[in-house]
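Just the heavy atoms: all of them, side chains too, but no hydrogens, waters or symmetry mates, feed the values below. Numbers restart at 1 for each chain; the letters A, B, ... are given by sequence-line order, proteins then strands. Since the structure is predicted, the reported quantities are computational estimates derived from the model, not experimental observations.
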2 protein chains.
Amino acid sequence: MAIKEGLRPGGRSARVQESVHRAVRQLLETHERSGVTVPMIAACAGVTPSTIYRRWGDLSVLLADVALARMRPDTEPANTGSLRGDLQAWAEQYLDEMSSDVGRNMMRDVQSSPTPGYCVSILSGQLQVIVDRYPQEQPPSVDHLINLLAAPTVFRILFSALPLPVEELHALIELALKN
Amino acid sequence: MAIKEGLRPGGRSARVQESVHRAVRQLLETHERSGVTVPMIAACAGVTPSTIYRRWGDLSVLLADVALARMRPDTEPANTGSLRGDLQAWAEQYLDEMSSDVGRNMMRDVQSSPTPGYCVSILSGQLQVIVDRYPQEQPPSVDHLINLLAAPTVFRILFSALPLPVEELHALIELALKN
């Protein structure tokens, strides 16, 4: 809900949104993504197609909205008791999730969002939670962690033949902690 | 040509490819991208639509192929006489090109390529030329430069509200040179 409000302020019904999002998630599990259409989603969600067009504009924006909602984690980042440990746990999970088919598709869909910047806001929020746990360690800035950990992870998945090796990710964490 | 051969080895005619690529570039300059179709490209290139479908499969693959060809630079990276200078010149130009509308669209199209990894090969080739000029400076590895310079540049453009500030790019170059 919070995401939808952030993207598109206004008093539209949260129940419609939830039911449309759920329909999209269900259909993406059972169909090729190129076979999913607005009328199918509408039928599955029990709304009219025009409700969807009115609210989201077109399918790519709806898919982006669902992808952003999925990216919003349900829980706080793991607390391992050390800055290094928290960053390793977070970065390994992020690499894992993003290099899955679901993660790849989420990243592609999010690029069609009218507010792709919301993606970095979600990541920043998670990293800020970690950084705030260890003020005495003079942790690196969240922007620096995005540049050194999230960016190479995503860049390699989207544009390289192979994802970032975990050892390289660990070396980047050490580099980020050196500052 | 080299690109096409890399993507799809075989003896297909280079003239057809050049004329189809040129048609795509022209149409993208004069039309909304969502309005460009295979029949339009075929008409503009003087080939049949089935030639295009046979060779590229579908429009997204053709657009990706054109985007990859555009990414291949015509010239070697600028030689400023120092490793730092060459990296700054290269990274600033890359940031500049990728944050333009043309650059953004290229990055999106390339993701539909059957070989998106070719994108990192092109970048690696350019950075290798720079690195090879200064063996006595024990330059960082090309992979490290991709992680620290190219990845944050692209990640911010695709997923953040604002591109990477040039000062932050310079700081990342210094960090890469520290190793």
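B/V142 is not connected to B/V129 by any chain of hydrophobic side-chain contacts under 4.5 Å among Ile, Leu, Val, Met, Phe, Trp and Tyr, and they are in different clusters.
Contact residues of residues 22-44 of chain B toward chain A are absent (heavy-atom distance under 4.5 Å). Scanning residues 78-97 of chain B against chain A with a 4.5 Å heavy-atom cutoff picks out B/Y94, ordered by number. For a heavy-atom cut-off of 4.5 Å, chain B lies close to A/P152, A/V154, A/F155, A/R156, A/L158, A/F159, A/S160, A/A161, A/L164, A/E168, A/L172 in residues 152-173 of chain A.
Applying the salt bridge (Lys or Arg N to Asp or Glu O under 4.0 Å) rule to A/E76 yields the partners A/R133; only residues at least two apart in sequence or on another chain are considered.
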Applying side-chain contact (heavy atoms from CB on, under 4.5 Å), run through A/Q111 and B/Q111 and close with a yes or a no.
-> CA-CA 11 Å; A/Q111 291 175 56; B/Q111 291 174 55; 3.0 Å; yes

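Residue-environment remark: CG (B/D132) exceeds the threshold of 12 foreign heavy atoms within 6.0 Å.
In terms of heavy-atom pairs under 4.5 angstrom with chain A, the leader among B/G117, B/A150, B/S121 is B/G117.
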